[in-house]
Structure formats: C-alpha cells, structure tokens
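Contents: one structure, followed by commentary.
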There are 2 protein chains.
Amino acid sequence: MGRGEPGHRSARVVVYEQLRRRIVSGELPPGAPLSENDLAAELSVSRTPVRESLILLADEDLVQVFPQLGSFVSRVDIRHVADAQFVREAIEIASLRDAADRLDAPALAALRDVLARQRAAGDDVEEFFRLDEEFHQMLLGVGGHAGAWRAVQSAKVHLDRARRLGLRTVSPVAPLVAQHTAVVDALAAGDPEAAETALREHLRAVFDDIERIRERSPELFTSEGTSRPARRNITVWR
Amino acid sequence: MGRGEPGHRSARVVVYEQLRRRIVSGELPPGAPLSENDLAAELSVSRTPVRESLILLADEDLVQVFPQLGSFVSRVDIRHVADAQFVREAIEIASLRDAADRLDAPALAALRDVLARQRAAGDDVEEFFRLDEEFHQMLLGVGGHAGAWRAVQSAKVHLDRARRLGLRTVSPVAPLVAQHTAVVDALAAGDPEAAETALREHLRAVFDDIERIRERSPELFTSEGTSRPARRNITVWR
DNA sequence: TACGATCCACTGCCATACAAGCACTACCAT
DNA sequence: ATGGTAGTGCTTGTATGGCAGTGGATCGTA
C-alpha cells in the first residue's frame, strides 16, 4: 500500500501507538528506560519515527526525557492523577446534564449493549478497558459532545495506567460495571440528578482505587528523591 | 550556555513556541503554508526541530499536515471551537465551585490586581490576552486546580485564535474586563451561584463573539470544499 | 581499604542525505 | 483546439552521521 492511501499508517504512528499501548498496559512500567537506539532496532525502523513518538508521549506526560541522559517511562505523579480526575469528572458530568435531554431509544440500546458485553467480559482486563472506553465515549456522544472525547482521553490515560498497574491485586471489575449500569438506568428513568450522582460516585471509586494502589506499590509513584533516574547496569555481565 | 543548563531551551522548544505564538496571534493566518524547508531557513535551524514542532502543533490541531503535499495552518473548525468552549466551560465552572470556599485575602488581592491592570491596558490587545491568561489561570489556582490549566489552555488556544482573527473589527475588550470583575465581586461577596452565572455569561460572550467573526470572515473557517489545499504557483514567473 | 581523577560507553539533539509521492507545466499527438 | 503524458520541482517521511554532555566503571594513590 502506497503512502498516500487513506489506510496508510506512517512508521511514526505505528511506533507511537504501540509504545502508548505498552506504557498504559504496564508492560513498560514506570521508570523503564526507552532508548531511541534500542527501540529503533527492536521495531525495525530508524531513530527518527521513534524519537518523534517519544516527543509526543513526553507531551502527554507518559514519558520523561532527560537530554544526554535518557528517556524513561514516567512515574505516576499522584497530583497529576488528581488533576486528570478533576478534568475528566468536570467534562463528563457537564456532558451528562445534556445527555439527559437527548437520550433516545437507539442510543439507550447501544449503551445497554455495551453493558451486556462488559458483564460477559468477566475478568478479561483488556476487554474491560476496551469497553470502558467505548462506554464513556458513547456517553459523551449522547450528550452531544463527542468532540470532547480527546480531552477526556488525555486525562483518562493517566487514570487507566494507574489502575492497571495494580489491577491484579486490587478490586475486581464487577462493581464498576454495576456503576455503569446505574448511570444508564437513571438516564433511562429520566432522572438526571441520580445519573449525575451515580457517575460521580463511579469516577470517585476509580480514584479511590488508585489511592489504594499507591499505598501498596509506592515505588510506581513519584517521590521527591527519584525524580531524576540514573543509568543502571550498562556493561553486560560476563 | 550549555545544553544541560536549566535555562537551556532546545531549538525545538524555541521554534515551537514562536510558531504557536504566530499562529494564535493571526500573523500566520489559517491556510498559510508552512514549508519545513522555508521555516528552517528562516529560523536558521535544520528541518528536524521545525518538523518536530509541526508534529506537536498538528497534535493540537493548529496545523494540518498532508504527506507529500504540504503543511498548513489549520482553518478554524467551528465544531472544534464549540467543543473547546464546552471543555473549557466545564472545567472552569467546576473549579469555580471549589474556589468559592477557598478564596482568601491574598488571592482576592491578586485577582483585583490583574483586573486593575486589565483596565489600564486599554486597547493593547497583546497585553489584554496576557492578562486574560493570567486571570483565568489564577482563578483555577484559587479553586485548587492549577494542574488543570494545561487542559484549559489546550482548549482555550482555539478560542483565542478565533477571537484574535477578527478582534480588530469586532467587539472592544472593556465589557470582557467588566465580566471578569463581576466574577470576582460575586466570589468576594460569598455568592458562588452569582459567580458561576457571571463566569458562564463571560465564556458564552466570548463564544458569541466568535460566531459574529465567522459571519464576517467565513474564509477563515473550514468549509467542505477547502479541506485539502493545493499548491499554487510553483514555477517562478519569467 | 577508601577515595578521587580519569576514561569511555551511551545518551538525546541537530544536521544532512536519500526515498517516495503529488501538483503543475509543457509538450506532443490527435 | 484538445486530450493525454512525460518531465520537473516541490513536498513530507525516513535513515544516518556527528556532536556535546552525562555518569558508571576503572584505575591510581594515600
């Protein structure tokens, strides 16, 4: 496929999406070194698209770059997560108020379909997060603010990463699906107040989860002493 | 100054900030071509930092890149502006609710100082926008959500650009300062309801301004036919 | 053993060269 | 006059080379 084809994805986009996915999933944990050379060799591209991807990831605070030192997966800054929580809540709640008036039968059916699939997903974490994205994006669309999804996503990515880092040891996903259901039920019942309360509780529950994770695994979060990582184990063992 | 010094600003950051300023100010109008080679020559750097800056600007929808065709200052998409308006309003209003409880004497004095400087600025557009940024950022800080400023800014930049494109021909800034003052007065009076109403009216007034600008200068906004610009006048006349 | 000067592998930043593709011009055949 | 087509100069995308800077490893000295 030629470069001009609509389906063409440049090497930069491919690299960016893969790195982002691996960082958010926890496969590349906070503090992991991201050498331009190593990544280029691993992904069979040159340093250029790798570097451009790292710049974009640094712009959304998923990566920290120290010139002449190295690039690293950023540690989770709890203040940054709190800010993301606030932004996300503000946008989603504001949209929900509009959604109460605009909900129609097809949209309601689509929402319920996502909920059913979430219940069916069980403990498949990957699937749950895919459907979680779909649910919240759909909810924004019902409010007539699908265009605000990018802003939500740029905040949500930090919440998702923090959750996934400790998801195995902490809460199951079933209550979250129940909270989603409560929001939709309140909307369907024409009770925007209850919907707002339910959504706010849901988002707060997510944040509380993260704070529990922080207590269990403080090494994943920033602390004043570790802000500037150093290289480790450069020479090969022999 | 060495590259490692704290005050060092890489060529990429310098180029990025200059291009961003020139785009938002209208010096580089919507549709203007941004050739990587030309910009590199003009700014006395190589293509690399220019290109990396364009990627960042494209990520925030200030620039559109068409592979093998060219990069252009993006036209103003009214839907995009409406989304930005919604996001900004949601965040600032949510923060204002917290600000009502947290306002103390020093913060109030700082806010009033900015208002006084805005009144003194008169018709200096550059100064007005600087102080407008300062005011809204300060208001977020009072609410305890200074970290949300980046999210607001990434939305606000599109509103600012749209306003500046037609500011000369449309409304004066004095009413905007009066609206700012109304917000602070309501906060100081301990009336969060009135403050919210005043802020919402202020933000809506800004958006109405943009719609008036659109009626006067539709060529600055997207229309279906002009989404993909073409090159013109490649060969030199002789 | 403890400590300091030096070395050097490795880093990201920038400049440059090459590759692939599109738009327009100019020309040629019909 | 008109339609088709090769040529040309620009575009962005990718690869690579060179540079300044960093800090762990290493060796010399007390």
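Keep in mind the model is a prediction, meaning the values are calculated, not measured.
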- request: Return the value, rounded to whole Å, for the distance between atom CZ of A:Phe72 and atom C1' of D:dG23.
  value: 11 Å

query: Which whole-number value in Å describes the distance from B:Gln64 CD to D:dT11 P?
result: 18 Å

query: Touch check for B:Arg47, heavy atoms < 4.0 angstrom, all strands: base, sugar-phosphate only, or nothing?
result: base

query: Quick one: is A:Ser71 getting a side-chain N or O under 4.0 Å of the C:dG12 phosphate, OP1 or OP2?
result: yes

Check: C:dG21 base within 3.5 Å donor-acceptor of B:Gln68 side chain: no

task: Send over the distance from A:Glu36 CD to C:dC14 P, rounded to a whole Å.
output: 11 Å

- request: Compare all side-chain heavy atoms of B:Asp38 with those of B:Pro33 and state whether any distance is below 4.5 angstrom.
  value: no

query: A:Phe135: what forms a ring pair (Phe, Tyr, Trp, His ring centres under 6.0 Å) with it, not counting sequence neighbours?
result: A:His180

- prompt: What is the distance, rounded to the nearest whole Å, between atom CG of A:Leu39 and atom P of D:dA15?
  reply: 14 Å

- request: Mind calculating the distance between CG (A:Leu69) and C1' (D:dG23) to the nearest angstrom?
  value: 7 Å

Rounded distance (Å) that lies between atom P of D:dT22 and atom CZ of A:Phe66: 13 Å

task: Identify whether the distance between the nearest side-chain nitrogen and carboxylate oxygen of B:Asp83 and B:Arg79 falls below 4.0 Å.
output: no

- line: Assign each of A:Pro49 and B:Ser35 the nucleotide of DNA chain D bearing its closest heavy atom; nearer the 5' end lies the nucleotide of B:Ser35

- request: Return no unless some side-chain N or O of A:Ser46 is found under 4.0 Å from OP1 or OP2 of D:dA15.
  value: yes

task: Output yes when at least one side-chain N/O atom of B:Asn37 is less than 4.0 Å from OP1 or OP2 of D:dT11, else no.
output: yes

field: Stepwise salt bridge (charged side-chain N to carboxylate O under 4.0 Å, His left out) check, B:Arg164 with B:Glu126
entry: CA-CA 10 Å; B:Arg164 290 218 212 182; B:Glu126 288 298 323; 2.9 Å; yes

message: Whole angstroms only, please: what is the CZ-C1' distance between B:Arg51 and D:dT14?
response: 8 Å

query: At under 4.0 Å between heavy atoms, what does B:Leu34 touch on the DNA or RNA strands: base, sugar-phosphate, or nothing?
result: sugar-phosphate

message: Is the phosphate of D:dA15 approached by A:Thr48 (side-chain N or O, under 4.0 Å from OP1 or OP2)?
response: no

- request: Let me know the distance between OH of B:Tyr16 and C1' of C:dC13, rounded to the nearest Å.
  value: 19 Å

- prompt: Reckon B:Ser10 has a side-chain N or O less than 4.0 Å from the OP1 or OP2 of C:dC13?
  reply: no

Residue A:Val45, side-chain heavy atoms: nucleotide from D:dA15, C:dC13, C:dC14 that is nearest: D:dA15

- prompt: Distance only, no hydrogens: is a donor on one side chain within 3.5 Å (strictly under) of an acceptor on the other, for A:Gln137 and A:Gln153?
  reply: no

